[in-house]
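Lettering follows sequence order; numbering is per chain, from 1.
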Amino acid sequence: MELSSSYKPEEIEKKWYKYWEDTGYFHADVNDDKEPYSIVIPPPNVTGNLHVGHALNNTLQDILSRWQRMKGKSVLWMPGTDHAGIATQNVVERLLAKEGKTKYDLGRVEFEKKVWEWKEHSGNQIYDQLKRLGSSLDWERERFTLDAGLSKAVRRVFVSLYNENLIYQGYRIINWCPRCETALSDIETEFKELDGNLWHIKYSIKGNDEFLVVATTRPETMLGDTGVAINPDDERHKHLIGKTAILPLMNREIPIFGDSYVDMEFGTGFVKVTPAHDPNDFEMGKRHSLEEIIVMDENAVINENGGAYRGLDRYEARKKIIADLESAGLLVKTEKHVHSVGHCYRCSSVVEPYLSKQWFVKIKPIADEAIKVVEDGRIRFVPKNWEKTYFEWMYNIRDWCISRQLWWGHRIPAFYCDDCGHITVSMEDPKVCEKCASDKIRQDEDVLDTWFSSALWPFSTMGWPDETSELKKYYPTSVLVTGFDIIFFWVARMIMTGVKFMNEIPFRDVYIHALVRDEHGQKMSKSKGNVIDPLIMMDKYGSDAFRFTLAAFAAQGRDIMLSEKRIEGYSSFCNKIWNATRFILMNLGGDFELKEIDLEKLEVFDKWILNTLNDTIKKINESLEQYKFNEAAGMIYDFWWHEFCDWYLELVKQRIYAKESNLAESSNIAKQVLCHVLKKGLLLMHPFMPFITEEIWSRIKSKEEKDIIISGWPVFTENLIFSEESNYTNIFKEMIYKIRNIRGEMNIPPDKKAPVVFKTSNELLKQIIETETVHIQALAKVDSITIDPEYAPDKTDSSAVMPDLEIFVPLKGLIDIAKEIQRIEKEIAKIKSDLDKVTSKLSNDNFRKNAPQEIIEKESTKEKEYIEILGKLEESLLNIKE
RNA sequence: GGGUGGUUAGCUCAGUUGGUUAGAGCGCCUGCUCGACACGCAGGAGGUCACUGGUUCGACUCCAGUAUCACCCACCA
């Protein structure tokens, strides 16, 4: 079959994905007897669209999956999505809003139905996008966090933690998003530094003409003030402790008390205390038995406890309160003040600290074991420094608020009894109160934090709490691949639930990759206009080029700024591979079939390329084992382009096209090697570029051979190590480089073949020159070649120097003397500076005393070479200048 | 207030135990329709490896500090 002269990814990508899927290659068979290798996908939100971060994340997982599959493992890469409570509810609420409706118009049951409908129709778009990328996920095992099975796992975990008193209800200050109308956990609140004001407000003191001045950034909360605090050691103010202040605007009498929490250095030394709207004030309130007055409703609108301000939004109330205080002469001053303000991680609204009853997980006891498994190395973070981040958070972990006032999610399985107040928590929905048997029970309205269910992902997806064969075979998973942004949200919690409920770590390695900045990311990408849409990139350059770029960028670090130019570059690489294949196929002949390479007949360059390939195989394996995707990608690239195409293919041409008998005879072994290297090269590349490799493979494989996706991964073999030939070839290449340099620099036209004189008496060099005459002629565009140890150069010769060798290109009328002088002087300058470095090292006694012998020898050799080369260069220079 | 990471060629980025001629892609310059590829070939220019000091025979690589840009954590009203 003829190949077109350029590679067109769009024509083949869809075909192959469908083929792989239909053939069942992605499916992991629990009953096979292969060694298991498993990864669970970080489940994208059902609302998700493939962004470049997903693309990176899944490309890396796919590389690992395909690599291990080729190595003969039983690979399970588990797909699925997350119901993403807040995010998804928001999406559907927005859709309703377009129809002028709210969720309350539908009611809970109808609304939930609506979300499911939406999920069936518009959700899971990301699946097609993942397929587009080539992700070899086991789609027969697709999971969703709200599936019956996973929901059972969630309930089981809730019930058992509740029974152990590790889940409890508490009346506390939590982070409340007034837009999403739900509680959030601490890590769902993002703090940002904002410019604000510090308002200084006068409170009068009962039975006294004195005033005290409090400073606040949130004056609207004063409506709920129930005390004023002073540091008991504060000499300025402590005489007021025990007195009563009059809260302005509300005219409420509130106690003045001492509490060491107050920082004497900050503000005025007086702190207004609002126990229902500030976590610190809440604590102080508890210590001093203050009243807790909630002054806002769930939308952050002032409620009936806010007197005249009732019905105002928190910021309108703030404005009005400031204005009223000012007109009453109670506003002492307004200072600019930068402070950090919590925002909802889903909608970016300013979060309100809010007193309410919520469910919490008492997490410390579970965290301890999870810390241990990382400390003792049972779980390994790669790169290791993320362990520190993990430990830091785990050591200071605080109880986890898990209840959300949403309708989309796992409903909390707690049932309140209206008669006796008992709470029944059980696996099955109870009909009656388990304590008093009353049937007046009702289920808690709240749902669980989305992350509660994703915390169970590695085992819930495999069927836990049932004892399934999946769990037996594939748990613990081999590696988790994710970004550092969800180490707390997800990774830490999976480790905790894993060790708690499975008595076993959820994964052996955690590979943390960099974050790709996208349009929601940093201003950097925005201002530079570097927003990259994976789907557009795949359309333009093909999935393979895009994947390869991501892999090449996947060095450790925190940010990746992808550049489209780079993707374009790798699409050229695809084309290069395509054309190299085309060349090989053209020359193999239609009926060529490689059985096994005839080692006896290998020639020197054959051995060299096989040695280089062998080396590359070894290094790629080492890199992948350490998750160094960029290194592996770089080595493949370099091998294919700069070794195989630039050199081997060019060298082979002489043999293949030769009419003379000795070279023509060697063309058969060359074809064997071409075919062998092509195949191994494709195999090595398949995890990175699955589509083009399968396409080419399908055109060259024999009938008996399997598809590349399940073909064996290349292995390093001792009998293909050829160091002598490798050295030989390197010297040969160096000669070619030298001559080409002269040609290039002297602007010798390509059609003008030049004669070359090699001046040497080194036997190996002579042998190389004599043996490879044809190749030197072809690759360096040379006609006559002479070896003359006694050659006396003409002043019109252009020259180059290598250890033990001088190369002369007689140019006669062609030489530009000035240019040649310049060229040699440049060489001399370079060598001189190198020589200086070496000489100063070698003349240093301490160096000779302390440096390892091999380094000293190396430097000495270098020095000798440099001196020799320098001498010859200077000689040439003199000769020309004469 | 703590902590982490970056600062290497015009741009985007590599560079694991300290000893390399400091690399790649793109861009740039010169010359090429040479029997796979102009998505190409050959040659070339371009770097005081942020700065300062230290350790060392030797530092892009280790240590300390400075500058600068990011990010994470934290209950300063």
Side-chain angles (χ1 to χ4, degrees), chain A residues 3 5-7 173 187 191 198 214-218 221 229 261-263 265-268 270-274 278-283 337 339-340 353 385-386 388-389 392-393 396 484-485 487-488 515 522 524 528 530 549 552-553 555-587 626 628 630-631 634 637-638 645-646 649-650 653 657 737 740-751 778-781 830-831 833-834 837 841 844-852 854-856 858-859 862:
Chain A
L3 268 60
S5 66
S6 67
Y7 174 58
I173 299 273
I187 52 178
F191 284 89
L198 195 56
V214 300
T216 181
T217 54
R218 294 190 299 151
T221 62
Y261 162 76
V262 179
D263 178 358
E265 308 295 315
F266 188 87
T268 60
F270 292 103
V271 176
K272 60 185 274 311
V273 180
T274 321
D278 182 281
N280 297 308
D281 292 7
F282 178 76
E283 293 302 322
H337 180 66
H339 60 145
S340 75
N385 53 315
W386 290 109
K388 192 171 178 188
T389 308
E392 210 52 45
W393 190 68
N396 302 306
F484 60 81
D485 53 330
I487 290 179
F488 306 148
L515 250 44
Q522 309 314 306
M524 251 179 79
K528 291 188 177 175
N530 274 341
T549 312
F553 263 99
Q556 81 176 59
R558 301 205 149 200
D559 292 356
I560 290 179
M561 282 297 305
L562 260 191
S563 72
E564 188 172 339
K565 279 286 173 197
R566 189 82 177 251
I567 305 171
E568 201 185 327
Y570 287 121
S571 75
S572 301
F573 179 45
C574 292
N575 192 54
K576 185 79 181 173
I577 291 161
W578 186 258
N579 276 290
T581 305
R582 202 157 71 98
F583 169 77
I584 294 167
L585 291 184
M586 276 171 154
N587 290 295
Q626 298 170 69
K628 293 185 174 172
N630 61 318
E631 277 188 11
Y637 183 89
D638 198 56
C645 291
D646 285 354
L649 291 190
E650 293 305 320
K653 281 178 183 173
Y657 296 136
Y737 283 133
R740 282 174 175 176
N741 176 270
I742 291 173
R743 296 189 60 103
E745 292 283 282
M746 289 295 108
N747 280 327
I748 302 172
D751 53 337
L779 296 187
K781 306 265 196 295
K830 174 89 179 84
I831 289 282
S833 96
D834 289 345
K837 275 186 223 161
K841 258 186 209 176
N844 184 334
D845 287 344
N846 285 324
F847 174 75
R848 291 187 175 279
K849 218 183 311 170
N850 297 316
E854 69 177 87
I855 297 290
I856 296 175
K858 206 168 136 193
E859 295 293 318
K862 269 204 286 191

Practice item. For A:I487 and B:C72, give me the distance from atom CD1 to atom P, rounded to whole Å. Key: 12 Å
Review point. Given that both distances must come in under 3.5 Å, which nucleotide forms a Watson-Crick or G-U wobble pair with B:C71?
Key: B:G3
Practice item. Could you work out which one of B:C57, B:C72, B:G25 sits closest to the side chain of A:F488? Key: B:C72
Exercise for review: For B:G1 versus B:G23, give the span between their P atoms, rounded off to a whole number of Å.
Suggested key: 43 Å
Point to revise | A:N579 side chain vs A:N575 backbone, donor-acceptor pair below 3.5 Å | key: yes
Revision key, fill the gap. Between CG of A:N844 and P of B:U56 the distance, given in whole Å, is 13 Å
Revision key, fill the gap. Between CD1 of A:I856 and P of B:C57 the distance, given in whole Å, is 13 Å
Review point. Is A:N280 touching bases, backbone alone, or none of the nucleic acid, heavy atoms closer than 4.0 Å?
Key: base
Point to revise | Flag, side chain of A:R582 to backbone of A:S6, donor-acceptor distance under 3.5 Å | key: no
Exercise for review: Would you mind reading off the distance between A:E631 atom CD and B:G23 atom P, rounded to a whole angstrom?
Suggested key: 17 Å
Exercise for review: Report the C-alpha separation of A:L198 and A:F266 in whole Å, then their side-chain angles, then the decisive distance to 0.1 Å, and conclude whether the side-chain contact (heavy atoms from CB on, under 4.5 Å) test is met.
Suggested key: CA-CA 11 Å; A:L198 195 56; A:F266 188 87; 4.1 Å; yes
Check your understanding: Among the nucleotides B:U16, B:G3, B:U30, which one has an atom lying closest to any side-chain atom of A:N747?
Key -> B:U30
Exercise for review: Give none if B:G46 has no partner; otherwise give the nucleotide forming a Watson-Crick or G-U wobble pair with it, both distances under 3.5 Å.
Suggested key: none
Study note, to complete from the structure: By nearest-nucleotide position on RNA chain B, the 5'-leaning member of A:I855 and A:I187 is A:I855
**Study point:** Atom C1', compared across B:G35 and B:U7: separation rounded to whole Å
**Key:** 50 Å
Check your understanding: For A:F191, which contact category applies under a 4.0 Å heavy-atom criterion: base, sugar-phosphate, or nothing?
Key -> nothing
Which atom pairs link the protein and nucleotides 35-44 of chain B when you take only N or O atoms and keep those under 3.5 Å?
| unit_1 | atom_1 | unit_2 | atom_2 | d |
| --- | --- | --- | --- | --- |
| B:A36 | OP1 | A:K653 | NZ | 3.3 |
| B:A36 | OP2 | A:Y657 | OH | 2.9 |
| B:A36 | O3' | A:R582 | NH2 | 3.2 |
| B:A36 | O2' | A:N579 | OD1 | 2.7 |
| B:A36 | O2' | A:R582 | NE | 3.3 |
| B:A36 | O2' | A:R582 | NH2 | 2.7 |
| B:A36 | N7 | A:K653 | NZ | 3.3 |
| B:A36 | N6 | A:E650 | OE2 | 3.0 |
| B:A36 | N3 | A:N579 | O | 3.3 |
| B:A36 | N3 | A:A580 | N | 3.3 |
| B:C37 | O4' | A:N579 | OD1 | 3.1 |
| B:C37 | O2' | A:N575 | ND2 | 3.2 |
| B:C37 | O2 | A:K576 | NZ | 3.2 |
| B:C37 | N3 | A:K576 | NZ | 2.8 |
| B:C39 | O2' | A:N575 | ND2 | 3.1 |
| B:G40 | OP1 | A:S572 | OG | 3.2 |
| B:G40 | O3' | A:K576 | NZ | 3.2 |
| B:C41 | OP1 | A:K576 | NZ | 2.7 |
| B:C41 | OP1 | A:W641 | NE1 | 2.8 |
| B:G43 | O3' | A:N741 | ND2 | 3.3 |
| B:G44 | OP1 | A:N741 | ND2 | 2.7 |

Review point. Does B:C62 have a Watson-Crick or wobble mate here (both distances under 3.5 Å), and if so which one?
Key: B:G54
Review point. So, is the end of the A:K653 side chain (NZ or CZ) under 6.0 Å from the ring centre of A:F583 and within 45° of the ring's axis?
Key: yes
Practice item. Under 4.0 Å between any heavy atoms, over every strand shown, what does A:D263 touch: base, sugar-phosphate, or nothing? Just pick one. Key: base
Point to revise | A:K837 NZ to B:C57 C1', straight-line distance once rounded to whole Å | key: 16 Å
Point to revise | A:K841 side-chain N/O to B:G19 phosphate OP1/OP2 under 4.0 Å | key: no
Practice item. Would you tell me if any nitrogen or oxygen in the side chain of A:H337 comes within less than 4.0 Å of OP1 or OP2 on B:C76? Key: no
Practice item. Between B:A14 and B:G47, how far apart are the C1' atoms? Round to whole Å, please. Key: 15 Å
Practice item. Kindly say whether A:N846 contributes a backbone atom to a donor-acceptor pair with the side chain of A:N850 at under 3.5 angstrom? Key: yes
Review point. To the nearest Å, how far apart are A:F847 CZ and B:G58 P?
Key: 11 Å
Point to revise | Whole-Å distance separating the CZ atom of A:F266 from the C1' atom of B:A77 | key: 6 Å
Practice item. Have a look at A:P353 and say if it touches a base, only the backbone sugar-phosphate, or nothing, with a 4.0 Å heavy-atom cut-off. Key: nothing
Check your understanding: Which distance, rounded to the nearest 0.5 Å, do you find between the CD1 of A:I187 and the CG of A:D485?
Key -> 11.0 Å
Exercise for review: Using the P atom on both, measure B:C49 against B:A59 and round to a whole Å.
Suggested key: 12 Å
Revision key, fill the gap. Rounding to 0.5 Å, atoms CG (A:L515) and CZ (A:F484) come to a distance of 4.5 Å
Practice item. Quick one: label A:K781 by what it contacts on the DNA or RNA (base, sugar-phosphate, nothing), any heavy atom closer than 4.0 Å. Key: base
Review point. Relative to the 5' end of RNA chain B, which residue comes earlier, A:K862 or A:T268, by the nucleotide with the nearest heavy atom?
Key: A:K862
Review point. Atom CZ of A:F573 and atom CD1 of A:I567: how far apart are they, to the nearest 0.5 Å?
Key: 15.5 Å
Review point. In whole Å, what separates the C1' atom of B:U16 from that of B:G53?
Key: 27 Å
Check your understanding: Using the P atom in both, what is the distance from B:A64 to B:G3, to the nearest Å?
Key -> 12 Å
**Study point:** Side chain of A:K858 - closest among B:C57, B:U20, B:A14
**Key:** B:U20
Exercise for review: Look up atom CD in A:E859 and atom CZ in A:R848, then write down how far apart they are to the nearest 0.5 Å.
Suggested key: 10.5 Å
Exercise for review: For B:U48 versus B:C41, give the span between their P atoms, rounded off to a whole number of Å.
Suggested key: 30 Å
Exercise for review: Starting at atom CZ of A:R848, determine the distance to atom P of B:C57, rounded to an integer number of angstrom.
Suggested key: 16 Å
Point to revise | side-chain contact (heavy atoms from CB on, under 4.5 Å) between A:Y261 and A:N280, intermediate numbers included | key: CA-CA 8 Å; A:Y261 162 76; A:N280 297 308; 3.1 Å; yes
Review point. Given the C1' atoms of B:U4 and B:A74, what is the spacing between them in whole Å?
Key: 15 Å
Practice item. If B:A22 has a Watson-Crick or G-U wobble mate with both distances under 3.5 Å, name it; if not, just say none. Key: none
